[in-house]
Protein chains: 2
Amino acid sequence: MFLGTYQNKIDDKNRMAVPAKFRDQLGGKCMLTKGFDECLYIYTMEDFEVMAAKIAALPQSDADFREFIRDFFGNSELCELDGQGRIKIPQNLREYAHITKDLVTTGAMNKVEIWSAETKADFDLAKKMKDSKFTDKLREFSI
Amino acid sequence: MFLGTYQNKIDDKNRMAVPAKFRDQLGGKCMLTKGFDECLYIYTMEDFEVMAAKIAALPQSDADFREFIRDFFGNSELCELDGQGRIKIPQNLREYAHITKDLVTTGAMNKVEIWSAETKADFDLAKKMKDSKFTDKLREFSI
DNA sequence: TGATTTTACCCCACTTTTCCCCACTTTATC
DNA sequence: GATAAAGTGGGGAAAAGTGGGGTAAAATCA
């Protein structure tokens with residue numbers, strides 16, 4: 001299980017150090033994909049396989065599914081960690097997540113989320129907590 | 001599995017460099033076909049055989065199927081990669097996909113899609129308009 | 001058929017990018 | 001404070017991408 005939040009930087013060669021706590025679970029390589037909310041996800045190979053298998057079974061004759069398949073696989077990358085535990089983040093994914101310099105990496109159960117620090121700040125939970133409607137929503141789930 | 005998105009150019013001799021990540025899976029040659037959505041597909045020889053068998057098995061009594069079969073095989077080409085890992089894209093397929101200079105090559109599971117950069121940009125823009133529909137779909141498959 | 005033009009393709013050369021490796025800095029641990 | 005682990009930066013070799021020349025094959029036309 002991936003837990004905790006870390007501050008990172010991406011360097012001029014577009015490399016990001018995967019927090020050491022996450023490395024053992026990934027075993028030297030991982031799948032980097034486009035996530036919701038303009039962040040990126042890191043999945044273990046196993047979890048990615050599960051999703052990929054489901055998606056690959058969709059009919060190509062459906063235009064919406066074609067678009068979806070293209071978007072999903074076109075924005076997924078197999079990343080091998082280098083000697084220093086870093087992965088390279090490709091251009092298309094950097095652009096999607098507005099990644100330039102400062103990052104926030106956060107464990108989210110079965111995946112790791114990678115955020116641009118600025119984007120994360122905008123989405124910050126504290127901001128949403130100010131909205132009383134959100135706590136109302138949580139109350140429905142007894143949280 | 002074909003993954004990721006790459007920027008390419010087609011040169012004056014109508015050659016396109018196949019992204020290095022895709023070359024091993026293709027093994028020196030590939031099938032280039034007309035795809036849906038005004039892009040081209042690259043299949044491995046094996047996957048093309050599967051696709052071709054399915055299409056050839058469509059009932060010839062149906063005029064729509066006859067036309068589809070004609071269109072599919074008439075716009076398929078066996079391409080051998082040259083010493084630099086490039087393939088030549090024939091005129092009929094260039095025209096279909098509006099290919100002039102800049103390309104986007106994207107992995108889509110069992111095939112590679114080749115897009116004119118302009119066409120892809122238009123397509124992506126159109127997709128943003130109906131994005132909510134798309135993200136709903138993503139939600140069904142994400143874990 | 002033979003001459004001329006066009007196209008294909010093999011090969012070489014140059015530029016850009018990638019990635020492996022080493023070294024230094026910072027943070028954590030005892 | 002000492003030691004180890006994690007994070008960061010960068011050099012340099014190798015690979016990938018790009019352009020183009022030259023020759024052979026194919027197509028076109030007289």
Side-chain angles (χ1 to χ4, degrees), chain A residues 2-32 40 42 74 76-95 99-107 112-117 120, chain B residues 2-32 40 42 75-95 99-107 112-117 120:
Chain A
F2 298 108
L3 296 172
T5 299
Y6 301 86
Q7 252 80 164
N8 303 60
K9 286 189 177 72
I10 193 164
D11 66 19
D12 293 343
K13 290 181 177 180
N14 302 314
R15 296 174 301 188
M16 185 203 76
V18 175
K21 287 261 172 69
F22 298 155
R23 285 179 203 164
D24 286 348
Q25 293 174 75
L26 295 173
K29 58 185 172 178
C30 63
M31 293 301 307
L32 184 65
L40 307 179
I42 291 175
S76 294
E77 198 79 30
L78 171 59
C79 296
E80 310 218 13
L81 280 71
D82 71 10
Q84 277 76 253
R86 293 175 291 198
I87 55 171
K88 182 181 169 288
I89 302 181
Q91 186 193 0
N92 53 321
L93 293 178
R94 288 200 311 276
E95 283 174 3
I99 288 172
T100 51
K101 190 75 192 167
D102 292 306
L103 306 176
V104 176
T105 307
T106 175
V112 176
E113 294 187 357
I114 302 172
W115 291 79
S116 152
K120 182 72 162 62
Chain B
F2 297 109
L3 297 172
T5 301
Y6 301 87
Q7 253 71 206
N8 302 60
K9 287 189 175 74
I10 193 165
D11 66 19
D12 294 341
K13 292 180 178 180
N14 301 314
R15 296 173 301 186
M16 184 202 77
V18 176
K21 288 257 172 71
F22 298 156
R23 285 179 204 163
D24 287 348
Q25 294 172 76
L26 295 173
K29 58 184 172 180
C30 61
M31 293 301 303
L32 184 65
L40 307 179
I42 292 175
N75 290 294
S76 293
E77 196 86 20
L78 171 59
C79 295
E80 310 219 12
L81 280 71
D82 72 10
Q84 276 78 255
R86 293 175 290 200
I87 54 171
K88 182 181 169 291
I89 301 180
Q91 188 191 0
N92 56 323
L93 292 178
R94 287 202 309 277
E95 284 174 2
I99 288 171
T100 50
K101 188 75 191 167
D102 292 304
L103 306 176
V104 175
T105 308
T106 176
V112 176
E113 296 187 354
I114 303 172
W115 290 77
S116 152
K120 183 75 160 58

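Just so we're on the same page: letters track the sequence lines, and every chain starts at 1. Predicted model, so just to flag it, every value in this text is computed and none were measured.
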OG1 of Thr105(A) to CH2 of Trp115(A), rounded to nearest 0.5 Å, is 12.0 Å

Whichever of Gln7(A) and Lys21(B) has its nearest DNA chain D nucleotide further upstream toward 5': Gln7(A)

Rounded to whole angstroms, how far apart are CG on Asp82(A) and C1' on dC21(C)? 10 Å

Counting just side-chain N and O atoms, does Arg86(B) come under 4.0 Å of either OP1 or OP2 of dA8(C)? no

In Å and rounded to the nearest 0.5 Å, what is the CZ to CG distance from Arg94(A) to Leu103(A)? 11.0 Å

What's the CZ-C1' distance between Arg94(B) and dT7(C), to the nearest Å? 12 Å

What's the closest nucleotide to the side chain of Gln84(A) if the choices are dC10(C), dG9(D), dA13(C)? dG9(D)

Within the side chain of Asn75(B), is there an N or O that forms a donor-acceptor pair under 3.5 Å with the backbone of Leu93(B)? no

Respond yes when some side-chain nitrogen or oxygen of Lys88(B) is under 4.0 Å from OP1 or OP2 of dA8(C), and no when none is. yes

Could you check Ile89(B), Asp11(B), Leu32(B), Leu40(B) and say which one makes a side-chain contact (heavy atoms from CB on, under 4.5 Å) with Met16(B)? Ile89(B)

Rounded to whole Å, how long is the line connecting atom CG of Leu81(A) with atom P of dT8(D)? 14 Å

Is it true that, when you exclude Lys101(A) itself, more than 12 heavy atoms of the residues, nucleotides or ligands shown sit nearer than 6.0 Å to its NZ? yes

In this structure, how many angstroms lie between the P atom of dT23(D) and the NZ atom of Lys13(B), rounded? 13 Å

Within less than 4.0 Å of OP1 or OP2 of dA5(D), is there a side-chain N or O belonging to Arg23(A)? no

Tyr6(B) OH to dT17(C) P, straight-line distance once rounded to whole Å: 15 Å

Separation of dG9(D) atom P from Met16(A) atom CE, nearest Å, is 14 Å

Arg15(B) CZ to dT18(D) C1': how many Å, rounded? 8 Å

Given atom CD1 of Ile10(A) and atom P of dG10(D), what is their separation to the nearest angstrom? 15 Å

Which comes earlier along DNA chain D counting from the 5' end, the contact point of Val18(B) or that of Asp12(B), where each point is its nearest nucleotide? Val18(B)

